[in-house]
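Data first, discussion second: the structure below is written as C-alpha cells.
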Amino acid sequence: MTIQQVFVIGAGQMGGGIAQVCAQAGYQVTLHDLNEESYERGFQVITKNLTRNVEKGRMTEEEKQAVLGRFTKSLDLQNAKNADIVIEAAVENMEVKTSIFAELDKITPAHTILASNTSSLPITEIGAATKRPEKVIGMHFMNPVPVMQLVEIIRGLATDDEVYEAVEEMTKKLKKTPVEVNDYPGFVANRILMPMINEAIFTLYEGVATKEAIDDVMKMGMNHPMGPLQLADFIGLDTCLYIMETLYEGFGDSKYRPCPLLRKYVKAGWHGKKTGRGFYTY
Ligand code: CAA
Ligand code: NAD
C-alpha cells in the first residue's frame, strides 16, 4: 500500500496540525472543511507555524514554500476521490463521523484507507458505517500535533493487518511514534487523561480550591506542563464533554459521569481557548 495523496477532513486545531506534518513529510495534502472561513482560519495557523520554523532556523523559506505548495484546498468531499488515505478530524460526534465515513466509502477508490483522529469513539462502529471496515482505522494524534510525539493507532474489530502496517509506517514517516491499542472507549490516552480532567472540574465545582490553585497543584506537584483546567481549555471543553459521554455510555459506570459544571460551560458556548472563554478567558 503506497500512500502519496492524503485527504484531511477538518481544518481545526487537529486537522490543521495533521495536514501540516503530512505536508512537511512530503505528502500531497488536500485539506477539507465545511466553508471558506474555517479553511482559511486553519490554513493561517499552518502558515504561522511554518513561518516560526523559518524564524527559528528549523527550515528555509524555500522549504516553507515547498510545504505550502503541497496543499490543495477542498470545500467538497468529492475531492477525496484521489486519496490514498483520508484522515478525518471533524467534531467528536458519532453521527457526524458515521455520515462522513458512509459518504467517503462511496467517493473514494477501493484501496483508500479511511482513518479517524477520533479521541474516544469506537472505530468498529465508525467502520460499520462503510462497506470496507477492514480499511477503517484510528489514527489518534495528540494536541498540538507538530509538537507531540505520540500517535495512538487503534485497530477496529475488522481492521486488516496490512492497513495497520501502512498506517504505522506513515506515522514513522511523520516522525511520530506509533503505539498500538485496541478498540475500547477512550482507547488508552483519554481513558486515563479525561477522568483526571473531569475530577479537576469536580474539584472546582465543589469549591475545594480556585482554578489557579488546582492547576498549580498539578503543575508544581506532578510536573505536568499544563494544569488540568488549562489543558481542558486547550483541548476544547466540547471535546472533553464528548469524550466523557463516550466513556460514560461505553462502560456504563458512574465513575465517568461528566461534571455538571463542564456541561454548563459547554451549553454556554464556553468551549475553551478556541472560543476565547472556558475556565480562563483568552
Ligand atoms: N502549534 C505548534 N507548535 C506549538 C504550539 C501549537 N499550538 N504550541 C506550542 N508550540 C511549540 C512552540 O512553538 C515551542 O517551540 P519553539 O519554541 O521551539 O518554537 C514549543 O512548542 C514549546 O512551546 P512554548 O515554549 O510556547 O510553551 P511550553 O513550553 O509551555 O509548551 C506545550 C507548550 C508543548 C503545549 C506544553 O504546554 C504541553 O506539552 N502541554 C500539554 C499538552 C498535552 O497534554 N497534550 C495532549 C492533550 S490530550 C490529546 O491531545 C488527546 C485528545 O484526544 C484530547
Ligand atoms: P475543532 O473544533 O478545532 O475543529 C473541527 C473542524 O472540523 C472545524 O474546522 C469544523 O469546521 C470542521 N468540521 C466540522 N464538521 C465537519 C464536517 N462534517 N465536514 C468537514 N469539516 C467539519 O476540533 P479539534 O479539536 O480539531 O478536534 C477534531 C477531532 O480531533 C475530534 O474528533 C476530536 O475529538 C479529535 N481530537 C482532538 C484533540 C484536542 O486536543 N482538541 C486531540 C486529539 C483528537
Side-chain angles (χ1 to χ4, degrees), residues 7-21 24 30-59 74-77 79-80 86-104 115-121 123 126 138-152 154 186-194 196-197 215 218-219 223-228 230-247 271-275 278:
F7 190 87
V8 179
I9 301 182
Q13 45 182 350
M14 295 307 292
I18 294 165
Q20 180 188 326
V21 296
Q24 280 182 243
T30 303
L31 180 57
H32 170 86
D33 209 303
L34 292 172
N35 53 55
E36 189 76 40
E37 193 193 341
S38 301
Y39 177 88
E40 279 308 324
R41 202 181 313 124
F43 194 68
Q44 271 172 27
V45 173
I46 294 168
T47 309
K48 204 175 100 205
N49 285 344
L50 293 173
T51 302
R52 195 171 51 226
N53 283 340
V54 174
E55 284 163 4
K56 293 252 173 177
R58 286 190 288 255
M59 69 171 44
S74 166
L75 301 177
D76 182 350
L77 212 52
N79 295 322
V86 176
I87 306 175
E88 171 276 322
V91 289
E92 188 72 353
N93 177 297
M94 185 55 98
E95 274 175 38
V96 173
K97 292 205 193 288
T98 48
S99 98
I100 290 175
F101 274 70
E103 273 296 294
L104 288 172
S116 176
N117 181 54
T118 175
S119 293
S120 62
L121 294 166
I123 297 303
I126 297 174
M139 201 175 180
H140 183 208
F141 291 82
M142 301 292 128
N143 188 13
V145 179
V147 178
M148 306 298 279
Q149 192 62 45
L150 172 72
V151 180
E152 266 189 314
I154 304 107
F187 318 125
V188 172
N190 282 315
R191 181 165 177 175
I192 298 173
L193 174 70
M194 214 39 82
M196 184 198 70
I197 288 178
D215 278 347
M218 298 305 286
K219 276 193 287 187
N223 248 357
H224 289 192
M226 287 174 166
Q230 188 192 1
L231 182 57
D233 273 358
F234 178 64
I235 290 167
L237 300 189
D238 51 340
T239 301
C240 293
L241 179 57
Y242 278 131
I243 296 169
M244 282 314 297
E245 278 172 341
T246 303
L247 292 172
H271 292 183
K273 201 172 174 196
K274 64 186 171 187
T275 59

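In each ligand, atom 1 is the first atom listed, and ligand 1 is the first ligand listed.
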Does some non-hydrogen atom of the protein lie less than 4.0 angstrom from atom 21 (O) of ligand 1?
yes

Nearest-contact summary for atom 43 (C) of ligand 2 - protein heavy atom, Å
F141 O, 3.2 Å

For atom 4 (O) of ligand 2, grab the closest protein heavy atom and report residue, atom and distance to one decimal in Å.
G12 CA, 3.3 Å

Do any heavy atoms of K97 fall under 4.0 Å from ligand 2?
yes

The reported gap from CE in M94 to CG in L121 (rounded to nearest 0.5 angstrom) is 4.5 Å

Atom 18 (N) of ligand 2: of N117, I100, L193, the nearest heavy atom sits on I100

Report yes if some N/O of I235 lies less than 3.5 Å from some N/O of ligand 2; otherwise report no.
yes

Relative to the heavy atoms of M226, which atoms of ligand 1 are at a distance of less than 4.0 Å?
35 (C), 37 (O), 40 (N), 41 (C)

Checking a contact table here: which protein heavy atom is nearest atom 2 (O) of ligand 2, and how many Å away?
K274 NZ, 3.2 Å

Can you measure from CD1 (I243) to CZ (F187) and round to the nearest 0.5 angstrom?
9.5 Å

Residue-level breakdown please: for S38 versus ligand 2, do any non-hydrogen atoms fall below 4.0 Å on the side chain, on the backbone, on both, or on neither?
side chain

Under 4.0 Å, heavy-atom basis, I'd like to know which part of Q13 is in contact with ligand 1: side chain, backbone, both or neither.
neither

If you measure from atom 50 (O) of ligand 1 to every heavy atom of I243, N143, V145, which option wins on shortest distance?
N143

Taking non-hydrogen atoms only, is H140 closer than 4.0 angstrom to ligand 1 via side chain, backbone, both or neither?
side chain

Nearest non-hydrogen atom to atom 39 (C) of ligand 2 belongs to which of I243, N143, V8, I18?
N143

Answer with side chain, backbone, both or neither: which part of N190 has a heavy atom less than 4.0 angstrom from an atom of ligand 1?
side chain

Distance under 4.0 Å to a non-hydrogen atom of R58: what atoms of ligand 1 satisfy this?
16 (P), 18 (O), 19 (O)

Nearest candidate to atom 5 (C) of ligand 2, where distance is taken over non-hydrogen atoms, out of A11, A89, A189, G15:
A89

For atom 11 (O) of ligand 2, which of the options D33, I9, L231 provides the nearest non-hydrogen atom?
D33

Closer than 4.0 Å and a protein heavy atom, does any atom meet both conditions relative to atom 33 (C) of ligand 1?
no

Out of V21, V147, V45, indicate the one that has the non-hydrogen atom closest to atom 9 (C) of ligand 1.
V147

Against ligand 2, does M142 come closer than 4.0 Å with any heavy atom?
no

protein heavy-atom neighbour closest to atom 32 (O) of ligand 2 works out as E92 OE1, 2.6 Å

Nearest neighbour in protein (non-hydrogen) for atom 44 (O) of ligand 1
L231 CD1, 3.6 Å

Could you identify the single nearest non-hydrogen protein atom to atom 33 (C) of ligand 2 and state the distance to 0.1 Å?
S119 OG, 3.5 Å

For ligand 1, is any non-hydrogen atom under 4.0 Å from M142's backbone (N, CA, C, O), its side chain (CB onward), both, or neither?
both

